[in-house]
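Please read the structure below before turning to the comments.
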2 protein chains.
Amino acid sequence: MPAPLEPRYTLKDVVDRARVAISTASLVFSGKRPVAEPTRERVLEAAADLDYGGPNPLASSLQQGRSGIIGVFAKGRLMNSFSDPFAVSILDGLAQHLGQNSAGILLMPAQGAGQDELVRRTAGIPLDAVVFPLGGYVSSALLEHLRHRRIPLVGTGYPEADDVLHLRMGERGAARAIAQHLYDLGHRDVALIQLPGAKPNAQGDVMNPEALDRTAGFLEVFPDALVITAGESSSEGGYEASERLFSDSHSVTAIAAQSDLMAVGAVRSIRAHGLSTPADISVAGSDGIDLPWLVGTLTTIDQRGQEKGRTIADMVTSALAGTRENREHSFTLVQGTSTDAPPQHAHA
Amino acid sequence: MPAPLEPRYTLKDVVDRARVAISTASLVFSGKRPVAEPTRERVLEAAADLDYGGPNPLASSLQQGRSGIIGVFAKGRLMNSFSDPFAVSILDGLAQHLGQNSAGILLMPAQGAGQDELVRRTAGIPLDAVVFPLGGYVSSALLEHLRHRRIPLVGTGYPEADDVLHLRMGERGAARAIAQHLYDLGHRDVALIQLPGAKPNAQGDVMNPEALDRTAGFLEVFPDALVITAGESSSEGGYEASERLFSDSHSVTAIAAQSDLMAVGAVRSIRAHGLSTPADISVAGSDGIDLPWLVGTLTTIDQRGQEKGRTIADMVTSALAGTRENREHSFTLVQGTSTDAPPQHAHA
DNA sequence: CTGAAAGCGCTTACAG
DNA sequence: CTGAAAGCGCTTACAG
C-alpha cells in the first residue's frame with residue numbers, strides 16, 4: 001500500500017516560518033520584482049522545510065484572471081479522432097507552440113455524453129480559450145455556454161459563427177486542384193470517396209462540413225464524378241468504399257479520396273483486385289500525412305498539420321493578447337507516384 | 001474581422017440585479033440546497049439578462065480545493081505517443097471514465113522542453129492528480145514537484161516510487177507466455193524485437209523500463225534468443241529491425257516483437273523477402289490493438305487498452321476520495337493466425 | 001526593498 | 001428558505 005499524502009502547506013505557512021510579509025514571499029516565487037537575497041533565502045528555506053510546492057495555481061489564476069488552459073475539442077471519441085495521423089500532427093503542433101507559452105491542453109471529447117452533460121462538464125473547467133482544430137459539428141448548447149463565458153473560440157472553418165476566429169484553408173480550392181490534376185493527366189471517368197458525415201444526420205447536424213466543400217470543389221472539375229461516401233475516414237473506410245465501386249462494376253481510371261487514410265484503403269482495394277496503382281487506376285488523397293510504409297508516394301493536398309497546429313496556437317495567444325483575427329492556411333498539391341495518365345483502354 | 005468579446009459579469013453583478021444575497025444565488029447555480037422557485041427565477045432571469053456564463057470555475061475550484069483536472073503525461077512528443085493505437089485506446093478509456101466523473105484530461109507532453117522548463121509549465125496548472133498511463137521515464141524534477149504539491153500519482157509500473165499508485169500488468173509473465181507459446185509450437189531459433197529505450201541513454205535514463213521486463217520474461221524461455229532493438233515502436237521500426245535480421249542472414253523460425261505495431265512491420269518485412277507468415281516465419285506481437293487490415297490475425301498479448309484506461313481512471317477517483325491502492329491488470333494470450341509450428345527445414 | 005490592505009469570484013457554515 | 005460574514009490562497013497596487 002502506498003504511503004498516504006502529507007498535508008499541503010500554503011504561502012501563509014511559509015511566511016509564518018520565514019517571518020516575512022506574504023506579499024514579499026509571493027514575489028520570491030513569481031520573480032516579478034526583486035527581493036533582497038537574504039530575504040529570498042529565508043523564504044526559500046522555509047519553503048523547503050515545509051516541502052512547499054509553490055503557489056497554488058488555482059489561487060494565482062483567480063487573481064490573474066487566466067488559467068493557462070486551452071480546451072481542445074475532439075469530435076466524437078478520442079480513438080476516432082486520434083486514429084488519423086493528420087489530426088495528431090495538428091495536436092502536436094498545437095501542444096508544442098502552446099507549451100512554449102506555458103499553456104496546457106485540455107482534451108474535450110464530445111463522446112457519448114448528451115449536450116447538457118457536455119456543457120455541465122465544461123462549466124466546471126477553467127478555460128482561457130477553446131479550439132476546434134478538427135472541424136466538425138459542435139453542439140449549439142456548448143457553443144452558447146462558451147460564448148456566455150466570453151471564451152475566445154478558434155476553429156478551422158467550423159463551427160461557422162461570427163465570434164469564432166478561423167484558420168481557413170480553402171477546402172474547395174484544394175479539392176479543385178486535385179481534380180484538375182487528374183483532369184490534366186487525361187482522366188475523365190473518376191470516382192470520389194467522400195468523408196462520412198457530409199450529410200445531415202437524424203438531428204440535422206452535419207458532422208464533417210468540410211466534406212461538403214471538398215466535394216463541391218471536386219465536382220466543379222468533374223460534374224459527373226461518381227461520389228461514394230465512406231463509413232469512416234480510415235484505411236478500412238476507404239477500402240470498403242472502393243470495394244463498393246468494384247462490386248457495382250463501375251469503370252473509373254482514377255479515385256480521389258477526401259483523406260489520405262481513405263486513399264490508402266483504395267490503393268489496397270485496387271491491389272486486392274489484381275490491378276495496380278497508378279498503372280490501372282490512379283489514386284489521390286488529401287491531408288499530407290507521413291506514409292513511409294506505402295509503396296511509392298501518394299498524390300495529395302499537403303496541409304502541413306503541425307504548422308496548422310502552430311498557427312492555431314498563435315491565433316489563440318494573439319486573441320488572449322487582444323488581437324483577434326482570422327487567418328488563411330495554405331496548401332500544396334503534392335504530386336506523388338500514385339497518379340499518372342490513365343491506361344489506353346479503361347477496364348471494369 | 002470577428003466581433004470583440006463583451007465584458008464578463010460575475011455573480012456579484014447578477015445578485016445586484018436580482019436583489020438576492022450572493023449566497024442564495026450561489027445555491028441556485030450549484031443546486032446544493034433548495035431555493036424557493038420565485039427567488040430562483042429572479043436569479044436566473046438576471047443571469048440571462050447579463051449573459052452570465054455561470055460561476056467562474058477558478059473561484060469555485062479554489063473554494064472547493066479541487067480543479068477537476070487530471071494531468072496525463074505523454075512521454076516524448078504527442079505524435080510519437082499517439083501514433084500507437086494502444087496508447088490512444090488507454091487514453092480513450094481514461095477520458096470516458098474520467099468524463100463521467102466530470103473531470104477533464106490535461107495533456108502534459110514531455111516534448112523537447114528541459115526539466116526545469118517542464119516543471120515551470122506544470123507549476124502553473126491546477127491539477128488534482130497526474131497519470132502516467134504509458135509508462136516510460138519521468139524526470140525526477142517533475143516527480144519532485146508533483147510530490148511537493150501533494151498530487152496523487154498513478155502509473156502503470158513506472159515511475160517506480162512508493163508514492164506512485166500502480167496498475168501493474170506483470171510484463172514479465174506476459175512476455176514469458178508469448179515465449180512459451182512459441183516454444184510449445186516447436187520453435188527453437190527465435191528473435192526478439194525489443195522496444196527502443198530499454199537501455200539507459202546518455203543521461204542514464206531508461207525511457208521504456210517495461211521493455212526490460214518484457215525482455216527478461218522472454219529470455220527465461222529462450223535464453224539464446226537473438227535480441228534486436230528497434231529504432232521506434234512503429235510498423236517502420238519493426239520492419240527495419242526485421243530487415244537487419246535478414247541482412248545479417250540470421251536463421252530464425254519465429255520473431256516476437258514487444259509491440260503489435262512492430263510485429264506488423266516484421267510481417268511486412270518477411271513478405272518483402274518472398275516468405276510468408278506463419279508458414280516460413282511465425283510472428284507474435286504484444287498489446288492487443290485492432291488490426292483490421294492485417295491479413296489474418298496477430299498472436300499477441302491482449303492488454304485491453306480501454307479497460308486499462310478505465311481502471312486507471314477509477315484509481316484516480318478512488319485516490320481523490322481517499323482510497324489509495326495498487327491494482328493488477330490482467331492480460332490474455334491471444335492466439336492468432338500469425339504463429340504456427342516451424343517449417344520442417346529452417347531457412348536463412 | 002518590504003509590509004499592510006484590498007480584492008480576485010466564489011462557497012460554506014452559521015444565524016435567523 | 002435567505003442573508004451577513006468569513007475564508008479559499010494567492011497577487012497587486014500603494015505606502016513607506
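So that the names make sense, note that chain A is the first sequence line, chain B the second, and so on, each numbered from 1. If you're wondering where the values come from, they're calculated on a predicted model, not measured in any experiment.
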Original post:
Any donor-acceptor pair under 3.5 Å joining the side chain of A:S23 to the base of C:dA4?
Top reply: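 Donor-acceptor pair under 3.5 Å: yes.
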Subject >> B:R147 bridged to A:D51 by N-O distance under 4.0 Å >> reply: no
**OP:** Determine, for A:R17 against A:D13, whether the closest basic-nitrogen to carboxylate-oxygen distance falls under 4.0 angstrom.
**Re:**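 Salt bridge between A:R17 and A:D13, a charged N being under 4.0 Å from a carboxylate O: no.
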Rounded off to whole Å, could you give me the [atom1]-to-[atom2] distance for the [X] and [N] pair?
| X | N | atom1 | atom2 | result |
| --- | --- | --- | --- | --- |
| A:K12 | D:dC8 | NZ | P | 10 Å |
| A:L50 | D:dG9 | CG | P | 14 Å |
| B:I22 | D:dC1 | CD1 | C1' | 18 Å |
| A:R40 | C:dC1 | CZ | P | 13 Å |
| B:E41 | D:dC1 | CD | P | 15 Å |
| B:N56 | C:dG7 | CG | P | 18 Å |
| B:R150 | D:dG9 | CZ | C1' | 16 Å |
| B:L27 | C:dC14 | CG | C1' | 13 Å |

**OP:** May I ask you to check whether A:Y52 and A:Y9 place their ring centers less than 6.0 Å from one another?
**Re:** no
**OP:** List the steps, then state whether salt bridge (Lys or Arg N to Asp or Glu O under 4.0 Å) holds for B:E37 with B:R40.
**Re:** CA-CA 5 Å; B:E37 194 50 32; B:R40 203 180 105 84; 3.5 Å; yes
Which nucleotide in [options] has an atom nearest any side-chain atom of [X]:
| X | options | answer |
| --- | --- | --- |
| B:P55 | C:dT11, C:dG3, D:dG9 | C:dT11 |
| B:T39 | D:dG9, D:dC1, D:dT11 | D:dC1 |
| A:T24 | C:dT2, D:dC10, D:dC1 | C:dT2 |

**OP:** Would you mind reporting whether B:P159 and B:L143 have side-chain heavy atoms less than 4.5 Å apart?
**Re:**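 A side-chain contact exists here, since the closest heavy-atom pair is under 4.5 Å.
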Original post:
What is the base-pairing partner of C:dA13, counting Watson-Crick and G-U wobble geometry with both distances under 3.5 Å?
Top reply: none
Ignoring backbone atoms, test whether [X] places a side-chain nitrogen or oxygen under 4.0 Å from the OP1 or OP2 oxygen of [N].
| X | N | result |
| --- | --- | --- |
| B:Q64 | C:dT12 | yes |
| B:Y52 | C:dC10 | yes |
| B:K32 | C:dT12 | yes |

Original post:
Considering heavy-atom distances to DNA chain D, does B:A36 or A:T10 have its closest nucleotide positioned more toward the 5' end?
Top reply: B:A36
Subject >> First encountered from the 5' end of DNA chain C, between B:L62 and B:R33 >> reply: B:L62
